[in-house]
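As structure tokens, the structure follows; a few thoughts come after it.
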Amino acid sequence: MNPFPYSDEAISENELMFAIPSTIMGVSILSLPRKLALDTLYSDGWISLLLAGVFFAILAVIGTKVASKFPNQSYFSYASTLVTKPVAIGIVIIQIILFIGLSAFSIRSLAYISQQYLFEHTPMEVISLSFLLVVVYAVSGSRAGLFRLNVMFLPIILIVTIIIAVFNITWIDLKNFLPLFKTDMKGYIKGFQTSFEVYIGYSIVLFYVGLVNKPKKLTKKVIVGMSIPIISYIFIFFVTIGIYGNMVTANIELPSLGLAKRVDIPGGIFERIDTIFFTIWTMAIFNTASMLLDVAVLLITSIFKQIKKRIVTFILAPIIYYLVMLPQEIHQVQTASILLSQFMAYFTMVLIVSLFVIASIRGVGKNEKKS
Amino acid sequence: MKKNRNCFLGICSLLLILTGCWDVVNIEDRGFIIGNSIDLVDSANSDQPELLVTNQIVIGSGIPSAANEGGDKKAFINFKTTGKSIYKMEEEIATISNNTPFYEHLTTLIVSEKVAEKERLFTNLLDTYLRNVNLRRGIQVVIAKNEANKVLEYTTPDFPLPAMHIEEMLERGSRETGLLSPTTLGDIEEYQLNNNSYVLPYLELKDVLSYQAGAVFHGPKDKMVGLFNMDDMLALSLFRGEKTTKIIEAPFKDNTFTLQINRLNSTLNVDSSDISAIKINLTLEVEGIIKETFMTEDLSSQKVVESVQDEMSKEISKRIKETFTKAQKEFGTDVFRIWQELETKHYEKWQKIKDNWEEGEYYFKDAQLIVDVVTEIYSIGAINRTR
């Protein structure tokens, strides 16, 4: 198989805008309403969701500002300028491990949920291997191609989600939303923390801004990119609460998938819309998993410049497969994912803020621009 | 050239992998299960009673269609198994049927009255239906008098499938005669998690299968406690303001007349200042058409219509009060969902009384209902009177 040669390997601003929601929205979308309903009362979870979203959008903008001070430089090279090379190597290695772990977790979740809902008798090893092969194929090819896939898939994912919500409108009971604002501060904070897991993909701006071709309105595009997952999450949360109410949402393992199964429209065909939902959800996970893996590959190639991208991908593939099959039970997967994502959220938070502070104090980026 | 050949060989070798599908089941081999019923066989062991589960599987060739007359062939087959775990019994069908049971099209679940009356049993039985990812939450749940499996054998000439017949009947019944809309598995899960009381359709099989009553479930007690008759069901539906057509009879000067209610607007206000005597204010605005009358009054006169409206209002409010008293004093169940009004609008008060609403201190028992009905007749039909 030869990779298709694109005329340009750079990505555009718009492609970055699409890549952000594609990376953020993944596995968590299915269980998010349940987790939030557990932390907060009635329909109050949206507040935590919105606050966390705005918080991470601000971080993403700060990250973009830092990265755009060093145009056409890789993350590793500007991080080395800011915090010295040995420290930068340490940070990058931690990030590589995190991204590989998260990518493996996405694949494992997809395999688990597909086995639950679609292939009862197919071994999980086979499901995850076949999915991993597709992801590896996407990553080993052109990076611009991967970004264009995001641009293609994201609208489909969003449109189908909206269609499912519209079909469910008849089942929404407005009384389920009331009473408003009864959660105590502790509940909101808990929900805020839970929401960390669903936004972690935002840190890709650090790595990809340097690759953007002729950035003009980058900050604006990043904000738009961040608002897509925020709005989608709140929308899905509201629809789930409206239909099931807080108690039931907290009790259903994957409430968003339940929405697709709830659709009941005369005619028969639309009753099976859960299969379509499953397809687009697989596409969403594919985007997430391949973007996360691509970040890991990008970081490795930025340290070891002499190794080819494809070779790195092929070396990573068996490692990821091992990680995918490592946890035995679903509880282990969940614990691992919570640990990984919470650690990643705090790590990236601290990292972006300190990079920004160092860059501002030393004024490195600006000096370089002037000279 | 060489590259092409390698490519070809590669694609051919993929075929070997593609044939190995673990989950292949041909559609002819699937047994589409559309109805389930649960009966109690032996309740000697009260913790784990013996149950009889009936699964209704469709036989495609038995359904009459343009190409296939159907005729004497039955369109369904009922498999019965007994045991203690529902899931195990359902899997056992594979041992007596030549088809793989397929539950995604299950539409109706019929539970025998005896099962529903046993404490906690009904809730426990629903667990398997909710846990199984292949089942839909939109399954309609009904209670049957006596044996539930007999209901799954009742067919009409135009509906060869009993489970489908029940589904249609429930939907039509609620749309056209104002009975409660069908309750689904997902709704029941919500009621049970919240510890709410609720009403399920109650079917009775005599000469025909009829839906004329409702089975009242007590939330905290977690079992069926009694029956609502047709009038109670109508009153409950009026109370909740369900937007369906309703037909109601009322006496007027020794005669009766029948009103078809087309529009209904119900407003509920709860005054919780004194929790030991909660005041419930229900305002109903009813708009309807006179459908039938045995009286000889001049309906074109404003005065007569007004007095008819007053009589109607009195009748509606009397019926609602009767049903409310029945639910309150006899069953002790808040099927009117007054708790929801308290929870959403009087949250702090509700936090104090929520554990003692239908049990313990039993605040619901002392609640007072004030009904205020306004009836408007906007059409008297095509004629004034028959003589």
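The sequence lines fix the lettering, A, B, ..., with proteins before strands; numbering per chain opens at 1. Because the structure is a prediction, the values reported are computed rather than measured.
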In this structure, NZ of B:Lys345 is separated from NZ of A:Lys175 (nearest 0.5 Å) by 7.5 Å
To the nearest 0.5 Å, atom CD of B:Gln340 lies from atom CG of A:Asn176 at 7.0 Å
Turns out that what part of A:Tyr244 lies under 4.5 Å from chain B's heavy atoms comes down to both
| Step by step, would you call B:Tyr347 with A:Leu41 a side-chain contact (heavy atoms from CB on, under 4.5 Å)? | CA-CA 12 Å; B:Tyr347 183 74; A:Leu41 294 172; 3.4 Å; yes
Heaviest contributor of heavy-atom pairs below 4.5 Å to chain B, chosen from A:Ile243, A:Val126, A:Val248, is A:Val248
Looking only at A:Leu180, A:Asn246, A:Ile252, the option with the highest number of non-hydrogen pairs under 4.5 Å against chain B is A:Ile252
Applying a strict 4.5 Å limit to non-hydrogen atoms, the region of B:Gln192 in contact with chain A is neither
Turns out that what part of B:Ile139 lies under 4.5 Å from chain A's heavy atoms comes down to neither
Counting heavy atoms not belonging to B:Ile27, are there more than 12 under 6.0 Å from its CD1? no
request  = May I ask you to check whether over 12 heavy atoms, not counting those of A:Lys182, lie within 6.0 Å of atom NZ?
outcome  = yes
